[in-house]
Student: 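First the structure, which I've put down as structure tokens, then a few questions once you've had a look.
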Amino acid sequence: MNHKLYKPFTIVCLSAAVWLINPCSASAYSTEEEKVLEMFHQFRELYEKGSEEEFYELANDYEEYLLDNDRLVDYYKIKCNEGFYDVRHRHIYKAMKTAKELDEVVRRNGDTDYYYLATGLFGDVYRVSYDSPKAKKYYLQALKEVGDRDPKFTMTTYLNMADLLNIQDPNKALEYAEKSISLAKKMNNMEFLSLSIAYKAFVLFLSKDDGKDFNLLYERYDYLKNRNHPGFNHRYDGIMDAAKAAYDQDYDKALAIIRNRGGIPDSALSVVRVYALAGDMKNCFGAMRRMYVDLDSVFSITQSANFDELSVERQLVLSQEEVALNRKLVQRMSIWLVVGFVLFILIYVMGRYRLMQKIHKLEGKLLIRR
């Protein structure tokens with residue numbers, strides 16, 4: 001949830017913001033426990049705001065220490081968080097390696113209770129690689145593997161599934177968001193309750209022209225926010241207010257909120273949606289073009305970074321010419337993927353625009369008959 005390099009419009013690795021670990025489980029700290037706790041605080045601090053070089057150096061030392069002291073469960077969770085960091089920084093190739101390493105160690109030790117960590121991480125890697133079918137496959141498998149052992153992981157995965165499906169299958173996305181809401185209420189977890197309500201509202205904003213259902217969730221969200229609970233997550237405050245303004249037909253206010261408040265997730269897609277609700281097709285298409293450019297830029301940066309890393313690691317096997325050819329192949333594939341996605345958005349927006357035109361025509365006919 002806290003990420004420095006975002007997709008232009010998505011949650012991106014929601015799981016990275018919720019720390020799945022608390023390495024020190026003993027009530028009385030030994031010297032070893034104190035060391036583990038100290039390293040954990042350093043790890044978390046570097047995860048949030050340290051340099052990549054420092055983070056990976058500490059992560060390596062930390063993981064070695066945990067393995068040397070036979071703290072396998074702590075190792076699994078720290079390794080998983082390293083994978084979240086990889087994904088957060090768009091090191092897709094490295095993230096895949098991290099997931100495979102974690103999966104191999106967990107399975108080699110026969111720790112079936114922790115298979116879900118690597119499986120879920122694979123889902124994250126495929127999601128930020130825009131491979132939705134594989135991401136969905138791994139997330140569903142992770143949900144089977146986790147059972148009821150890790151509610152935070154389960155809620156995170158529900159929301160990641162909602163994120164995958166928010167345009168492709170909004171009704172299914174709403175179901176997953178509702179599952180997260182139900183579990184958050186059961187666990188009395190305000191952080192996930194606020195996130196889940198907000199994300200369900202966001203899916204409604206993307207998919208429903210009528211703001212009735214959204215307004216009910218907005219009122220619920222606003223009530224919880226005004227209670228000033230320390231666990232309340234304010235990540236979606238901006239987008240909730242923008243969507244509310246858009247449904248109230250104050251489109252300029254909605255756009256101003258999106259543009260002026262920092263750190264609003266899904267901002268590019270939200271701008272497109274506001275223009276669509278306003279019936280402003282010219283600016284809607286302009287926003288989609290900008291979204292395409294942003295998405296293409298993210299693809300280019302990600303490809304460059306990952307191919308550079310890949311070429312260094314495989315330089316004894318592949319020639320520079322082969323690496324260049326592979327780079328061009330993936331770039332061509334990515335362009336088609338980006339174009340396909342934008343066309344999907346275009347069809348989605350135009351379909352709703354034409355539907356609204358038909359509704360307005362029918363309303364006009366009814367008024368004439370009266």
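As a basis for the values below, the full set of heavy atoms in this structure was taken, side chains included, without hydrogen atoms, waters or symmetry mates. Numbers for residues simply follow the sequence, beginning at 1.
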Student: Are Asn69 and Val36 close enough that some pair of their side-chain heavy atoms sits under 4.5 Å apart?
Tutor: no
Student: Give me the ring orientation class for Tyr116 and Phe153: parallel if the planes are under 30° apart, tilted from 30 to 60°, perpendicular past 60°.
Tutor: perpendicular
Student: Taking all non-hydrogen atoms of both residues into account, name the closest pair between Ala242 and Ile258 and its distance.
Tutor: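 Looks like CB-CG1, 3.6 Å.
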Student: So how far is it from Asp222 CG to Leu217 CG, rounded to the nearest 0.5 Å?
Tutor: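 One gets 12.5 Å once the value is rounded to the nearest 0.5 Å.
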Student: Listing request: all salt bridge (charged side-chain N to carboxylate O under 4.0 Å, His left out) pairs with a residue in residues 134-144, at least two apart in sequence or in separate chains.
Tutor: none
Student: Testing Asn233, Thr154, Leu183, Leu159 one by one against Phe192 for a side chain to side chain contact (heavy atoms under 4.5 Å, CB included), which residue passes?
Tutor: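 Running side chain to side chain contact (heavy atoms under 4.5 Å, CB included) over Asn233, Thr154, Leu183, Leu159 with Phe192 returns exactly one hit, Leu159.
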Student: Nearest heavy-atom pair of Ser196 and Ala177: which atoms, and what distance?
Tutor: CB-O, 4.0 Å
Student: Hey, mind stepping through Phe43 and Phe55 against ring pair (Phe, Tyr, Trp, His ring centres under 6.0 Å) and telling me if it holds?
Tutor: CA-CA 7 Å; Phe43 179 88; Phe55 173 80; 5.1 Å; yes
Student: My understanding is that only residues two or more places apart in sequence, or in another chain, count here; which of them pass salt bridge (charged side-chain N to carboxylate O under 4.0 Å, His left out) with Lys244?
Tutor: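 Partners of Lys244 by the salt bridge (charged side-chain N to carboxylate O under 4.0 Å, His left out) criterion, ordered by chain and then number, come out as Asp248.
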Student: Which heavy atom in Arg261 sits nearest to a heavy atom in Gly238, and how many Å separate them?
Tutor: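 Minimum heavy-atom contact is NH1-CA, 3.5 Å.
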Student: Heavy atoms only: give me the nearest Val87-Asp124 pair and the separation to one decimal.
Tutor: CG1-O, 4.3 Å
Student: Under the rule for ring-ring contact (aromatic ring centres under 6.0 Å, His included), what residues qualify as partners of Phe232, not counting sequence neighbours?
Tutor: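 With neighbours one apart ignored, the set is Tyr221, His234.
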Student: Identify the two heavy atoms, one from Ala118 and one from Ala99, that lie closest to each other, and give their separation to 0.1 Å.
Tutor: CB-O, 3.9 Å
Student: Judged by modelled atom types alone, do Tyr93 and Asp86 share a side-chain donor-acceptor pair under 3.5 Å?
Tutor: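 Short answer, no.
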Student: Which atoms form the tightest heavy-atom contact between Gly123 and Ala135, and what is the distance?
Tutor: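 Smallest heavy-atom distance, with atoms named: O-CB, 3.5 Å.
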Student: The criterion is ring-ring contact (aromatic ring centres under 6.0 Å, His included); which residues satisfy it with Phe122, sequence neighbours excluded?
Tutor: Tyr138
Student: Say you draw a straight line from OG1 of Thr156 to NZ of Lys152; how long is it, rounded to the nearest 0.5 Å?
Tutor: 9.0 Å
Student: Would you say His89's side chain and His91's backbone share a donor-acceptor pair under 3.5 angstrom?
Tutor: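 Such a contact is absent between His89 side chain and His91 backbone.
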Student: I'd like to check the salt bridge (charged side-chain N to carboxylate O under 4.0 Å, His left out) partners of Glu219; sequence neighbours left out, ordered by chain and number.
Tutor: none
Student: Taking only Lys NZ, Arg NE, NH1 and NH2, and the carboxylate oxygens of Asp or Glu, determine whether Lys172 and Glu175 approach each other closer than 4.0 Å.
Tutor: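 Glu175 and Lys172: salt-bridged.
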Student: Mind telling me whether Tyr85 and Tyr56 have parallel, tilted or perpendicular rings, with 30° and 60° as the class edges?
Tutor: perpendicular
Student: Would you check if there is a donor-acceptor pair between the side chains of Thr119 and Gln141 at a distance under 3.5 Å?
Tutor: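 There is no such pair (donor and acceptor under 3.5 Å, judged by atom type) between the side chains of Gln141 and Thr119.
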Student: Is there side-chain contact between Asp266 and Arg273, with at least one heavy-atom pair below 4.5 Å?
Tutor: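 No, too far: nothing below the 4.5 Å cut-off.
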Student: Could you tell me how the ring of Phe202 sits relative to the ring of Tyr199: parallel (under 30°), tilted (30 to 60°) or perpendicular (over 60°)?
Tutor: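 Rings of Phe202 and Tyr199: tilted, 30 to 60°.
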Student: Given side chains that start at C-beta, do those of Met96 and Ile92 come closer than 4.5 Å, heavy atoms only?
Tutor: no
Student: Would Glu32 and Lys35 pass as an ion pair if we require N to O under 4.0 Å?
Tutor: no
Student: Could you tell me whether Asn260 atom CG has more than 12 heavy atoms of other residues or ligands within 6.0 Å of it?
Tutor: yes
Student: Got Tyr114 and Lys77 here, is their nearest side-chain heavy-atom distance under 4.5 Å?
Tutor: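 Yes, side chains in contact.
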Student: Taking C-beta and beyond as the side chain, do Glu63 and Met39 meet within less than 4.5 Å on heavy atoms?
Tutor: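 Sidechains of Met39 and Glu63: no contact.
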Student: Please lay out, stage by stage, how Phe84 and Tyr47 fare under the test ring pair (Phe, Tyr, Trp, His ring centres under 6.0 Å).
Tutor: CA-CA 10 Å; Phe84 293 157; Tyr47 182 100; 7.7 Å; no
Student: To the nearest 0.5 angstrom, please state how far the CG atom of Asn226 sits from the CG atom of Leu224.
Tutor: 9.0 Å
Student: With a 4.0 Å cut-off, would you call Lys208 and Asp213 a salt bridge?
Tutor: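 Between Asp213 and Lys208 there is no salt bridge, as every charged N stays at least 4.0 Å from the carboxylate O atoms.
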Student: Any chance you could lay out the side-chain contact (heavy atoms from CB on, under 4.5 Å) test for Lys94 and Glu82, step after step, and finish with the verdict?
Tutor: CA-CA 10 Å; Lys94 184 172 178 56; Glu82 182 188 348; 4.1 Å; yes
Student: Given 3.5 Å as the limit, does a donor-acceptor pair link the side chain of Arg90 with the main chain of Val128, or not?
Tutor: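 Judged by distance alone, yes, a pair lies under 3.5 Å.
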Student: Hey, any chance Leu216 and Met240 share a hydrophobic cluster, counting ILVMFWY side chains that come within less than 4.5 Å of each other, even indirectly?
Tutor: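 No, no single cluster joins them.
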Student: Is it the case that more than 12 heavy atoms not belonging to Asp148 sit under 6.0 Å from its CG atom?
Tutor: no
Student: Partners of Lys200 by salt bridge (charged side-chain N to carboxylate O under 4.0 Å, His left out), sequence neighbours excluded?
Tutor: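 Testing Lys200 for salt bridge (charged side-chain N to carboxylate O under 4.0 Å, His left out), a comparison that skips the adjacent residues, returns Glu178.
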Student: Do Tyr176 and Asn160 have side-chain heavy atoms sitting under 4.5 Å apart?
Tutor: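 Not touching, per the 4.5 Å side-chain cut-off.
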Student: Could you tell me if the side chain of Tyr115 sits less than 4.5 Å from the side chain of Thr112, heavy atoms only?
Tutor: yes
Student: Flag the pair Arg235 and Glu191 as a salt bridge only when some basic side-chain nitrogen lies within less than 4.0 angstrom of an acidic carboxylate oxygen.
Tutor: no
Student: Enter the distance from Asp150:CG to Asp113:CG here, rounded to the nearest 0.5 Å.
Tutor: 11.0 Å
Student: Do Asn109 and Leu72 have side chains that approach each other closer than 4.5 Å (heavy atoms only, starting at C-beta)?
Tutor: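 Yes; the side chains approach each other to less than 4.5 Å.
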Student: Taking atom types as modelled, find out whether Asp210 and Tyr247 have a side-chain donor-acceptor pair closer than 3.5 angstrom.
Tutor: no
